[in-house]
Amino acid sequence: MASANEAVAGLLTEYAELLQITGGDPFRARNYQKAARSVGGWSGDITGLDVKALKAIPGVGTSIAAKIAEYNETGTIAALEDLRTKIPAGVRDLTKVPGLGPKRALLLSQQLDVHDIDALAEAVRAGKLDGLPGFGPKSEERILHGIEVYRQGHDRVLLDVALRIATTMVDHLKTLQETQRCTYAGSLRRWRETIGDVDILAAAEDSKPLMDAFSTFGDVIVSGPTKTSIRTGNNLQVDLRVVKLDAWGAALQYFTGSQAHNVATRQIAVRKKLKLSEYGLFDAETDELIVSRTEEEVYERLGLRWVPPAMREDRGEVEAAARGEIPQLVRVKDLNGDLHTHTNLTDGVASLEDMIAAAAGKGYEYYAVTDHAPNLVMQRMTDEKMLAQRERLRELAGTTSMTLLHGTELNIAPDGSVDWDEDFLAGFDVCVASVHSHFDQPRAEMTRRFIRACENPRVHIIGHPTTRRLGKRGPVEVDFGELFRAAARTGTALEINASPQRLDLPSEHIRAARDAGVKFAINSDAHSTVNLGNMPYGAGTAQRGWLTPDDVINTWPLERLRAFLRKIP
DNA sequence: GCCGTTTTCGGCCCGACTGTTTTCAGTCG
């Protein structure tokens, strides 16, 4: 089960969607959506808060606070239950079909008596859309296509997949003579953990050659002089927007988003009698262009510091930028080492020697090898193998300028214990401890399990704390507040696992953990030399959690790191 | 429904594209 904040955010989102379907004041629906985001990103726990306290959350006023308080007391929201009964079943599902919004989904549901996507597909194929007002032959085609897309894994793609596709297209577009600038923007530039569609921005006087070249990368969905959308072979939508070079900064700011961040910046513009669009920042009355060439100029003219893309989620960054308090975020180049990697002694694919050589190529000051411990039985680890690896690692120390650390990735048992006793663990320079089994323990047990691991004086880092696999397995149920307090109290770092399948600890928990006093380790969890290159995804995730280098132990110099790893005072 | 250093009422981000509706609504981002 999700946290109370997430649960309420989900209910408020549903309420907003139902309001959109019923029509009426669109600003009401928008407000519920805004409140949902706000509650979901609220660093405190809403459980037990009364109306007065709830109203301190931005976007939560008297009415929404009352609904949340009602949820706190009764576990339900009567107004939501009521709205659910008024809307035909399945309309919300129908709006999940791309191209089908709330209005037309409701109309189809009522006119055709269809309540799920399968029934809709059948009705369209049976020609039941004929004669419906507003639905022509193209509509049928679009809806059927939308249903196909929905079914073919409507899921978002992982960050590395999207980055690869975007980079290929950007590199190709840059080869065209007409292209003046080209980069990816959108959620990819913000390092969101998964990507729904890729936004590419280019500057050119004549957009047609770019649009033509871009169209060859997939099936064209829409195409005009400023925007072309395609769908690639692996079902990823990619949008190319072409602007004039003069508008580059405003366009980059606009298309990087998020939408919520853009709303917030535009509201600031409005208050200053300005108008912000992808074409520039204008005087609202005279329409005179003020600035548009760079993002920095646009933010500056709004009275804001430049906001790093990873922070642009309307989670307080606009207010921070107005106060001039944008943190110096941790960057990949700040990382002095990698503290969680595997070799072919367990499930890695590269040898110890190859992993060390590849890591040296990253310019690290230190590097830890942390193969799996014996309780992950399929890895067949033994004391002897581990000690032999340590010996070999010490021999290799003379071959590299990096300081080599011998470590292991321990398994946190259901009771919170780990693989080896204190004496054996004392032989390691660094111990990562992770949950690899019994993912469905009840919340209280799982929480005790993690806390006991933190309290182990030989455990330095909790690996991939939620154990989620993006798109495949959800997070374990744990009281994150308790976990964060335990990690801070015991001097145990939480990992930000940089694997694109994990990105764990997720960014939405990172700020709360940091506020609790937790330190972090950004680790590749590499099982190959190539995986050592996953660090940018971890750094991006850390940036989304507003972390600075000081928050991240593997940006520290070796001596400071060693002091942290001593843990026992 | 929320919000306020021009407002406790009257705003609320803004533009592109599509299809079919001869002037615009729906959808998307």
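Being a predicted model, the structure only gives us computed values, none of them experimental. In the text below, chain A, chain B and the rest are named by the order of the sequence lines, each starting its count at 1.
Between A:H261 and A:Y299, the ring planes lie tilted relative to each other; the angle falls in the 30° to 60° range.
Closest approach to the A:S139 side chain among B:dG29, B:dT20, B:dG15 is made by B:dT20 (side chain taken as heavy atoms from C-beta onward). The nucleotide whose nearest atom lies closest to any side-chain atom of A:D197 is, among B:dT18, B:dG29, B:dC2, B:dG29. Checking B:dG15, B:dG29, B:dG1 against the side-chain heavy atoms of A:F27 singles out B:dG1 as nearest. Distance from the side chain of A:K227 is smallest for B:dC17 among the nucleotides B:dG1, B:dC13, B:dC17. Comparing B:dG1, B:dC14, B:dA16 against the side chain of A:S63 picks out B:dG1 as the nearest. Closest to the A:D239 side chain, of the nucleotides B:dG29, B:dG1, B:dC14, is B:dG29. Nearest to the side chain of A:N31, among B:dT20, B:dC17, B:dC2, sits B:dC2.
Interatomic distance, A:N497 CG to A:T541 OG1, rounded to the nearest 0.5 Å: 9.5 Å.
For the C1' atoms, the distance linking B:dT8 with B:dC3 amounts to 9 Å, nearest Å. Here, B:dT5 and B:dG1 have their P atoms 23 Å apart, quoted to the whole Å. For B:dC17 and B:dC12, the C1' atoms lie 24 Å apart once the distance is rounded to whole Å. A distance of about 25 Å separates the C1' atoms of B:dG11 and B:dA16, rounded to the whole Å. B:dC28 and B:dT20 are spaced 16 Å apart, taking the P atom of each and rounding to whole Å. Annotation: B:dC13 and B:dC2 have their P atoms spaced 15 Å apart (nearest Å).
Here the closest non-hydrogen pair linking A:N262 and A:Y254 is ND2-O, 2.8 Å. Nearest heavy atom pair, residue A:A36 against residue A:L12, reads CB-CB, 3.7 Å. Listed here is the closest heavy atom pair of A:A321 and A:V307: CB-CG2, 3.8 Å.
In terms of the salt bridge (Lys or Arg N to Asp or Glu O under 4.0 Å) criterion, residue partners of A:R84 (sequence neighbours excluded) are, by chain and number, A:E14, A:E81. Remark: A:K208 engages A:D212 in a salt bridge (Lys or Arg N to Asp or Glu O under 4.0 Å) (not counting sequence neighbours).
Looking at heavy-atom distances under 4.0 Å, A:K34 makes no contact with the nucleic acid at all. Contacts of A:S229 with the nucleic acid, taken as non-hydrogen atoms under 4.0 Å apart, are absent.
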Could you go step by step and tell me if A:R502 and A:E495 meet the salt bridge (Lys or Arg N to Asp or Glu O under 4.0 Å) rule? CA-CA 11 Å; A:R502 291 194 184 271; A:E495 181 174 72; over 6 Å; no

What verdict does the side chain to side chain contact (heavy atoms under 4.5 Å, CB included) test give for A:L547 and A:F520, after you've listed the backbone C-alpha separation in whole Å, the side-chain angles of each residue and the deciding distance to 0.1 Å? CA-CA 9 Å; A:L547 295 190; A:F520 303 84; 3.5 Å; yes

List the steps and the verdict of salt bridge (Lys or Arg N to Asp or Glu O under 4.0 Å) for A:E313 and A:R315. CA-CA 5 Å; A:E313 297 289 349; A:R315 296 204 162 181; over 6 Å; no

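Taking atom CG on A:L201 and atom P on B:dG29, their separation rounds to 17 Å, with Å as the unit. Rounded to whole Å, the distance from OH on A:Y15 to P on B:dC2 is 11 Å. B:dG29 atom P lies 16 Å from atom CG of A:L240, rounded to whole Å. In this structure, CZ of A:R28 is placed 15 Å from C1' of B:dC12, rounded to the nearest angstrom. As a whole-Å value, the separation of A:Y279 OH from B:dG15 P is 9 Å. Taking atom CG of A:L276 as the reference point, atom P of B:dC13 lies 12 Å away to the nearest angstrom. Following rounding to the nearest Å, A:L274 (CG) and B:dC13 (C1') show an atom-to-atom distance of 14 Å. One interatomic measurement links the two molecules: CG of A:L83 to C1' of B:dG1, which rounds to 14 Å at whole-angstrom precision.
Not less than 6.0 angstrom separates the ring centroid of A:F214 from the ring centroid of A:H172.
The side chain of A:T226 contributes no N or O atom lying less than 4.0 Å from OP1 or OP2 of B:dG15.
By the 4.5 Å heavy-atom criterion applied to side chains, A:L240 and A:K227 are not counted as neighbours. A heavy-atom distance below 4.5 Å is not found between the side chains of A:M169 and A:Y184.
Each of A:D199 and A:F135 has a nearest nucleotide on DNA chain B; the 5'-most of these lies closest to A:F135. Both A:P58 and A:T228 sit near DNA chain B, but only A:P58 has its closest nucleotide nearer the 5' end.
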Could you list the donor-acceptor pairs under 3.5 angstrom formed between side-chain atoms of residues 271-278 of chain A and any protein atom two or more places apart in sequence or on another chain?
{"from": "A:S277", "atom 1": "OG", "to": "A:Y279", "atom 2": "N", "distance (Å)": "3.0"}

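A syn orientation is assigned to B:dT7, its glycosidic angle lying within 90° of 0.
If you check B:dT8 for Watson-Crick or wobble pairing at under 3.5 angstrom, you find it has no partner at all.
If you check residues 244-267 of chain A against DNA chain B, the residues with a heavy atom closer than 4.0 Å are A:Y254, A:Q259, A:V263, A:R266, A:Q267, listed by number.
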Listing time: all N or O pairs from protein to nucleotides 25-27 of chain B that are below 3.5 Å?
{"from": "B:dT27", "atom 1": "OP1", "to": "A:G101", "atom 2": "N", "distance (Å)": "2.9"}
{"from": "B:dT27", "atom 1": "OP1", "to": "A:G101", "atom 2": "O", "distance (Å)": "3.2"}
{"from": "B:dT27", "atom 1": "OP1", "to": "A:R104", "atom 2": "N", "distance (Å)": "2.8"}
{"from": "B:dT27", "atom 1": "OP2", "to": "A:K103", "atom 2": "N", "distance (Å)": "3.1"}
{"from": "B:dT27", "atom 1": "O5'", "to": "A:G101", "atom 2": "N", "distance (Å)": "3.3"}

Protein and nucleotides 4-8 of chain B: nitrogen or oxygen contacts under 3.5 angstrom:
{"from": "B:dT6", "atom 1": "O4", "to": "A:K273", "atom 2": "NZ", "distance (Å)": "3.1"}

